[in-house]
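Read the structure below first, then the notes.
For ligands, and for the atoms within them, numbers begin at 1 and follow the listed sequence. Only this structure's heavy atoms are used, side chains among them; waters, hydrogens and symmetry mates stay out.
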Amino acid sequence: MLSNNEMLIEIEKLKKEKDAVILAHNYEIPEIQDIADYVGDSLGLSQIAGKTEAGMIVFCGVHFMAETASIISPGKKVIIPDLEAGCSLASSITGDQLRNWKDENPGAVVVSYVNTTADVKAETDYCCTSSNAVKVVNAIPNDKQILFLPDKFLGQYVKAVTGRSNIKIWDGACHVHEKIGDISFDKAKAEHPNADYLIHPECGCSSSCMLKSTMYDECKNIHIFSTEGMINHVNSSPANEFVIATETGILHRMKKEAPTKEFYPANEDSICEYMKMNTVEKLYRSLKEEIFEVKVPKHLADKARLPIERMLSIV
Ligand code: 13P
Ligand code: SF4
């Protein structure tokens, strides 16, 4: 049995031997982030999966992310260290449920957050992520009815920012972000008076936070961002303290990129057990044995590719 350090050395060797690239989401455990070739948000990782010249993609994220990489790069082998790494949000709508919703709303344009299964993407007109959802919706003619899914909080946020009334929103949520309810700004402000507040749009508090940030001067330091948007903000903001409302795995990268700044999780129990399923041991085994392959059947991948490509062209 190899030690953790020996496995990390082997992973570096195997990566070269097998012409593999390791992609890791911002919520992965620190050791996985540190050994990855790219760490990023859903959108950034999809873009890299589409461009990489490597023959194999090892996706340290959750299943729908590996599926998305396989759909974009059908010629490449995509593997994931743990097949059980799912997503409560992606599980909140099935292809059949979407087909029924479309039947009830003929002519509507379907916008799906990228946290969805390939079956749902195949029934979708446009995919979006938390960083480009507003741009994607703005690209759809104003008179078109929109079905937005599956995240109700991101949907409410997009509806408020775009000012469109013709958006129907699916009642789905991420079990981690939903619990980040309304932050007590009075208490937080007393503890961290000069902090910037970075809120992920999947959070239960995202709509009320956005409203506060536009209404009250003392809430001007509230910002709604995707995980990569948060990283960019931390690096460019003159603030030295940040309250972070998302999965806590992201704090590792923040501390690494801005070591002189202070970071406080809005809720330190915000941990996605699916993202944490990818361990060094599983990554090592995955690369060595080239398991577990995630391959979307061609007929489904061909349908699901179009909304992803539309999304990537709007960025
Ligand atoms: P980002 O695209 O902002 O990284 O979000 C992905 C995700 O799964 C959030 O829970
Ligand atoms: Fe899915 Fe939520 Fe985990 Fe993100 S944090 S992968 S949305 S369950």
Side-chain angles (χ1 to χ4, degrees), residues 23-29 32-33 36 38-49 59-69 72 80-93 111-117 120-121 127-136 149-155 157-158 170-181 198-206 223-234 244-254 265-278 294 308 311-312 314-315:
L23 310 185
H25 189 267
N26 285 318
Y27 300 156
E28 290 295 314
I29 60 168
I32 299 271
Q33 291 194 30
Y38 298 95
V39 184
D41 65 359
S42 310
L43 180 60
L45 295 177
S46 303
Q47 287 168 317
I48 291 163
F59 215 118
C60 295
V62 292
H63 192 268
F64 78 80
M65 294 182 176
E67 264 190 346
T68 307
I72 300 174
I80 187 167
D82 191 326
L83 264 185
E84 298 298 309
C87 167
S88 55
L89 184 53
S91 303
S92 69
I93 184 164
V111 179
S112 295
Y113 190 35
V114 77
N115 295 38
T116 41
T117 61
V120 167
K121 285 189 178 80
C127 280
C128 71
T129 70
S130 51
S131 57
N132 67 4
V134 171
K135 266 195 199 162
V136 167
L149 64 103
D151 190 285
K152 60 182 168 190
F153 300 116
L154 180 66
Y157 166 74
V158 169
W170 190 255
D171 188 18
C174 153
H175 72 297
V176 180
H177 286 86
E178 187 169 31
K179 286 186 214 138
I180 308 182
L198 310 187
I199 319 279
H200 196 279
E202 283 174 27
C203 288
C205 65
S206 62
H223 307 275
I224 316 280
F225 283 129
S226 74
T227 57
E228 201 61 21
M230 290 185 182
I231 298 280
N232 294 337
H233 181 86
V234 158
I244 310 297
T246 192
E247 213 273 355
T248 56
I250 197 171
L251 269 75
H252 173 68
R253 206 175 142 202
M254 290 177 170
N267 178 343
E268 53 193 28
D269 298 328
S270 302
I271 294 168
C272 175
E273 62 272 41
Y274 301 116
M275 287 283 184
K276 303 310 192 220
M277 282 180 175
N278 298 314
V294 175
I308 299 171
M311 166 186 85
L312 295 175
I314 291 173
V315 179

Notebook entry, point to check: If you count the non-hydrogen atoms of other residues, nucleotides and ligands that lie under 6.0 Å from CD in Glu84, is the total more than 12?
Noted result: no

Notebook entry, point to check: Do His177 and Thr246 have side-chain N/O donor and acceptor atoms under 3.5 Å apart?
Noted result: yes

As a test of reading the model: which N/O atoms of the protein lie under 3.5 Å from N/O atoms of ligand 1, and at what distance?
residue: ligand 1; atom: 2 (O); partner: Ser42; partner atom: N; Å: 3.2
residue: ligand 1; atom: 2 (O); partner: Ser42; partner atom: OG; Å: 2.8
residue: ligand 1; atom: 3 (O); partner: Ser130; partner atom: OG; Å: 2.9
residue: ligand 1; atom: 3 (O); partner: His200; partner atom: NE2; Å: 2.8
residue: ligand 1; atom: 3 (O); partner: Thr227; partner atom: N; Å: 3.0
residue: ligand 1; atom: 4 (O); partner: His25; partner atom: NE2; Å: 2.7
residue: ligand 1; atom: 4 (O); partner: Thr227; partner atom: OG1; Å: 2.6
residue: ligand 1; atom: 5 (O); partner: His200; partner atom: NE2; Å: 3.3
residue: ligand 1; atom: 8 (O); partner: Asn115; partner atom: ND2; Å: 3.2
residue: ligand 1; atom: 10 (O); partner: Glu202; partner atom: OE1; Å: 3.0
residue: ligand 1; atom: 10 (O); partner: Glu202; partner atom: OE2; Å: 3.4

Next item on the list: Decide side chain to side chain contact (heavy atoms under 4.5 Å, CB included) for Val158 and Val111; before the verdict, give the C-alpha distance in whole Å, the side-chain angles of both, and the deciding distance to 0.1 Å.
Entry: CA-CA 11 Å; Val158 169; Val111 179; over 6 Å; no

Notebook entry, point to check: Closest non-hydrogen protein atom to atom 2 (Fe) of ligand 2, residue and atom name please, with distance?
Noted result: Cys174 SG, 2.3 Å

Checklist line | Protein heavy-atom partner closest to atom 3 (Fe) of ligand 2 - residue, atom, separation in Å | finding: Cys272 SG, 2.4 Å

Margin query: Heavy atoms only, cut-off 4.0 Å: how does Ser88 contact ligand 2, side chain, backbone, both, or neither?
Written below: both

Item checked: Part of Glu202 with heavy atoms under 4.0 Å of ligand 2, whether side chain, backbone, both or neither -> side chain

Notebook entry, point to check: What is the distance from atom NZ of Lys179 to atom SG of Cys203, rounded to the nearest 0.5 Å?
Noted result: 12.0 Å

Check: From Phe64 CZ over to Asn115 CG, what is the distance, rounded to the nearest 0.5 angstrom?
Finding: 3.0 Å

Checklist line | Subset of ligand 2 atoms that lie under 4.0 Å from at least one heavy atom of Asn115 | finding: 7 (S)

Note to self: For the backbone of Asn26 and the side chain of Gln33, can you confirm whether one donor and one acceptor N or O come within less than 3.5 Å of each other?
What the structure shows: yes

Margin query: Test your reading of the model: is there a side-chain donor-acceptor pair from Ser42 to the backbone of Thr129, 3.5 Å cut-off?
Written below: no

Item checked: side chain to side chain contact (heavy atoms under 4.5 Å, CB included) evaluation trace for Ile231 with Val39 -> CA-CA 11 Å; Ile231 298 280; Val39 184; over 6 Å; no

Notebook entry, point to check: Is the distance between the ring centroids of Phe225 and His233 under 6.0 Å?
Noted result: yes

Notebook entry, point to check: If you measure from the Lys or Arg side-chain nitrogens to the Asp or Glu carboxylate oxygens, is any gap between Arg253 and Glu28 under 4.0 Å?
Noted result: no

Checklist line | atom 3 (Fe) of ligand 2 to nearest N/O/S of Cys87 less than 2.8 Å | finding: no

Next item on the list: Return yes when Met275 approaches ligand 2 closer than 4.0 angstrom through a heavy atom, no otherwise.
Entry: yes

Next item on the list: Specify whether an N/O/S atom of His175 falls short of 2.8 Å from atom 1 (Fe) of ligand 2.
Entry: no

